[in-house]
Amino acid sequence: MKKLIFAGLLSMLLPNMIAAQAFQEMTYTPQATTFKLFAPDNAKVTLRIYQQGKDGKAIKTVKMQKTGKEQFTATVKGDLMGKFYTFDVGRGECAGVFAKAVGVNGKRAAIIDMKQTNPEHWCCDKRPVTKSPADLVIYEMHHRDFSINRADAKYPGKFMALTEPWAIEHLKQLGVNAIHILPSYDYGSVDETRLNQPQYNWGYDPVNYNVPEGGYSTNPYQPEVRIREFKQMVQALHQAGIRVILDVVYNHTYDIEHSNFQRTYPDYFYRKTADGQYSNGSGCGNETASDQPMMRKFMLESVKYWIKEYHIDGFRFDLMGVHDIETMNQIRQMVNNIDPTIYIYGEGWSAGSCALPNEQLGMKANIVQMPSIAAFSDEIRDALRGPFSDDTKGGFLAGEPNCEESIKYGIVGAIQHPQVDMSKVNYSQTPWALEPTQMISYVSCHDDMCLADRLRASIPDIADDELIRLDLLAQTTVFTSQGIPFILSGEELLRSKKGVHNSFESPDSINQLDWSNKAKYSQVFEYYKNLIQLRKNHPAFRLGNADLVRKHLEFINAPEGTVAYRLKNYAGRDDWRDIIVILNASKSSAEITIPEGNYTIVCCDGIINEQGLGSLKGDKAIADPQSAIIIHN
């Protein structure tokens, strides 16, 4: 009985005990600076102070004192502003797990005044208004890809490129309202001391989770610069009405031996298998233990820090299937308390088996247990263009059979719908979304071939005119679906990565955007722009509610290779009474029987014009080969 009472008391006290613990804190005053660190009780912790962020011997070495359970503290007298510091528990020096400013390559943490990093009018910076997640149009971008090949860029490959007029103008012209930036924290694979030499990586190799990457700054040696420039980027995008979504990679570290986690508290932050090996659900050699109280706290505090300090508007969780459901739900609840419009989504899978059972993890199948958290739909992605595992195999766009039901599932936003036969849907036998806003609708992202390359790989000898038709058809499917539309940067320019599937460290010649394509394939850009505007102008395409989707969206009988549906009765209080969308991937025209009426054609044969491209009367609609038709009355 006493044991039960003690266990009950412990369970009540534990959250408060954890809340009181600090991973690392640095409290500065001109008279003295106090440092705290979370480390094993039996550790011998050394604090070193440096004049520079790189090289040179320590100007002061201090033994930190144990001041509580797993807490070590040291106070250094004197004014340390502008100095650098490291912690050492006997496994090598590091910046600690929660450094907020660092020197070059992130080896040493820095003591700076964060208020001095704020751009002018930062206090007035406002998050662009979004009434519903369904209103988002997400554009996934790598900083270097976007601007390194732009002739008029003043800051090619840098955060600051997104403050330049040409960049803002392009994004506004296209109509996207949320930028998903690939990992922008301090990562390990780019040497910031050699930025005069071409180096490339996507950045899924975290070192300091809470500091911007120095390679994207104009001066990685000065800790304030990367922070200020990141904030200037956010501010410029906000002023343009564009939200900023951060790609976060809490599921693994660059390695174990040299990671800040391992060097401050060995083995605490990583999961192990039953036989004592490091679990590898990330596919990168390790997986972090989100279910450990202090790892969970780390993730919560890190997300909150990016929101508060950098005004971030959303988070994309890399390999969310590695994290436990409870942690993800706690993050969602914490974010709701700050601003419920901050959008959270992730990859609903892992890259290998994890040390926790799947039913406890943030897998796509468990999204029903994670309200207001979304996941990518590989159902609609692969149904459209073919499986991730085989670049040469096509899907609906290539004329493959039996893809229609998976596309219908994607169109309704991965929710239960009476006209979707789940037994015919790829990968999922039951609907995994409670609301359509829990599904990311997409056909390509960074981690794969871009769309044009995939079409070339899966349809041998495809001509440019056919490629463009299928490209536009694919995106019409994405942008008229009830999920959240998401495109890879450069798709609007008919981007190519020269057939490279996994370009994570390929050179600029593979990854950079070819800006000459904007004029060369002007039809493509114009279609994308008008397609995005069509979605924005018509709430029928973004109902944002499962019951409304079931009430207003009905599928229409269509031949093989074609999907057709109607948004009826002024769906979402749309100005148009009934909207009919026909997606025809076949190489012949498709005739569809529709409710009789007088219709206006707004999308046909690769052109979108909401004012009308012509009229259609009667109960038959014809979709041209490999294209979409959208009509309304």
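Side-chain atoms are counted along with the backbone in the values below, which use heavy atoms only and exclude waters and symmetry mates.
At least one donor-acceptor pair under 3.5 Å links the side chain of E347 to the backbone N or O of L319. Of the possible polar contacts, one joining the R550 side chain to the Q416 backbone as a donor-acceptor pair under 3.5 Å is found. Using a distance-only test at 3.5 Å, with no hydrogens or angles considered, a donor-acceptor pair links the side chain of S377 to the main chain of I380. In this structure a side-chain-to-backbone donor-acceptor pair under 3.5 Å is present from N366 to L361. Side chain of N280 to backbone of C284: a donor-acceptor contact under 3.5 angstrom is found. Judged by distance alone, with hydrogens and angles left aside, the side-chain atoms of D391 form no donor-acceptor pair with the main-chain N or O of S458 at under 3.5 Å. Between the S627 side chain and the D624 main chain, a donor and an acceptor come within less than 3.5 Å of each other. Checking side-chain atoms of N358 against main-chain N and O of M363 turns up no donor-acceptor pair under 3.5 Å. Checked by atom type and distance alone, the side chain of Q419 pairs as donor or acceptor with a backbone atom of F555 at under 3.5 Å. Checking side-chain atoms of R535 against main-chain N and O of F479 turns up a donor-acceptor pair under 3.5 Å.
Using a 4.5 Å heavy-atom cutoff, the side chains of N329 and P371 are in contact. The shortest side-chain heavy-atom distance between D145 and L182 does not fall under the 4.5 Å cut-off. Side chains of H417 and Q482 form no contact here, defined as non-hydrogen atoms less than 4.5 Å apart. Residues S444 and E491 are in side-chain contact: their nearest non-hydrogen atoms beyond the backbone lie under 4.5 Å apart. In this structure, L472 and V524 have side chains that are in contact, with non-hydrogen atoms separated by less than 4.5 Å. I630 has its side chain within reach of L534: a pair of non-hydrogen atoms, C-beta onward, lies under 4.5 Å apart. In this structure, the side chains of E492 and V176 stay at 4.5 Å or more apart for every pair of heavy atoms. You'll find the side chain of W202 stays beyond 4.5 Å of the side chain of D247, heavy atoms only.
The distance from atom CG of L171 to atom CG of L162, rounded to the nearest 0.5 Å, is 7.0 Å. Note that CD1 of I580 and CZ of R566 are 6.5 Å apart. Values are rounded to the nearest 0.5 Å. Summarising the geometry, atom CG belonging to D324 is positioned 3.5 Å from atom OG belonging to S290; distances are rounded to the nearest 0.5 Å. Once rounded to the nearest 0.5 Å, the distance linking OG1 of T341 with CZ of R243 reads 3.5 Å. E554 CD to L567 CG: the interatomic distance, rounded to the nearest 0.5 Å, is 9.5 Å. D313 CG to D339 CG: the interatomic distance, rounded to the nearest 0.5 Å, is 8.5 Å.
The two residues R385 and V443 make their nearest non-hydrogen contact at NH1-O, 3.6 Å. Contact detail for W166 and A153: the closest heavy-atom pair is NE1-CA, 3.6 Å. The two atoms that bring A433 and G413 nearest to each other are CB-O, 3.6 Å, heavy atoms only. Across every non-hydrogen atom of S184 and H143, the tightest pair is OG-NE2, 2.9 Å. Heavy-atom minimum distance, I582 versus A564: CG1-CB, 3.9 Å. I594 approaches K620 most closely through the heavy-atom pair CG1-N, 4.0 Å.
For the pairing with F315, the side-chain contact (heavy atoms from CB on, under 4.5 Å) check across V248, I245, I331 returns one residue only, V248. Put simply, the residue from V602, T600, N633 that forms a side-chain contact (heavy atoms from CB on, under 4.5 Å) with W576 is V602.
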| query | Can you check ring pair (Phe, Tyr, Trp, His ring centres under 6.0 Å) on F504 and H142, steps first, answer last? | reply | CA-CA 11 Å; F504 78 102; H142 183 279; over 10 Å; no
| task | Just do the salt bridge (Lys or Arg N to Asp or Glu O under 4.0 Å) check on E466 and R469 with the steps written out, would you? | result | CA-CA 5 Å; E466 183 182 5; R469 285 198 305 274; 5.1 Å; no
| said: Between D378 and K364, does the side-chain contact (heavy atoms from CB on, under 4.5 Å) criterion hold? Intermediate values first, please. | reply: CA-CA 10 Å; D378 52 348; K364 187 179 58 174; 2.6 Å; yes
| After noting the C-alpha distance and the side-chain angles of K520 and D464, does the key distance pass the salt bridge (Lys or Arg N to Asp or Glu O under 4.0 Å) rule? | CA-CA 12 Å; K520 184 178 180 181; D464 269 9; 6.0 Å; no
| said: Working note: L583 + T562, criterion side-chain contact (heavy atoms from CB on, under 4.5 Å); need CA distance, chi angles, decisive distance, verdict. | reply: CA-CA 6 Å; L583 307 162; T562 308; 5.9 Å; no
| query | side-chain hydrogen bond (donor to acceptor under 3.5 Å, both in side chains) between Q512 and D508: does it pass, once the steps are laid out? | reply | CA-CA 5 Å; Q512 66 193 8; D508 292 332; over 6 Å; no
| query | Stepwise, does the side-chain contact (heavy atoms from CB on, under 4.5 Å) test hold for D448 with L488? | reply | CA-CA 10 Å; D448 202 352; L488 171 64; over 6 Å; no
| Stepwise side-chain contact (heavy atoms from CB on, under 4.5 Å) test for K587 and Q626 | CA-CA 6 Å; K587 292 188 176 184; Q626 298 178 314; 3.8 Å; yes
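Residues W432 and Y409 bring a donor and an acceptor atom of their side chains to less than 3.5 Å of each other. Between the side chains of D471 and Y528, at least one donor N or O lies within less than 3.5 Å of an accepting N or O. With no hydrogens or angles considered, no side-chain donor-acceptor pair links D619 and T593 at under 3.5 Å. With 3.5 Å as the limit, one finds no donor-acceptor pair spanning the side chains of T130 and D135.
H446 and Y204 have their aromatic ring centers within a separation under 6.0 angstrom. Aromatic ring centres of W515 and F525 lie farther apart than the 6.0 Å criterion allows.
Between F376 and W349, the ring planes lie tilted relative to each other; the angle falls in the 30° to 60° range. By the 30° and 60° cut-offs, the orientation of the rings of Y343 relative to Y345 is tilted. F146 and H170 have tilted rings, their planes meeting at an angle from 30° to 60° on a 0 to 90° scale.
Shown here is N557, whose CG atom has no more than 12 heavy atoms of other residues, nucleotides or ligands within 6.0 Å.
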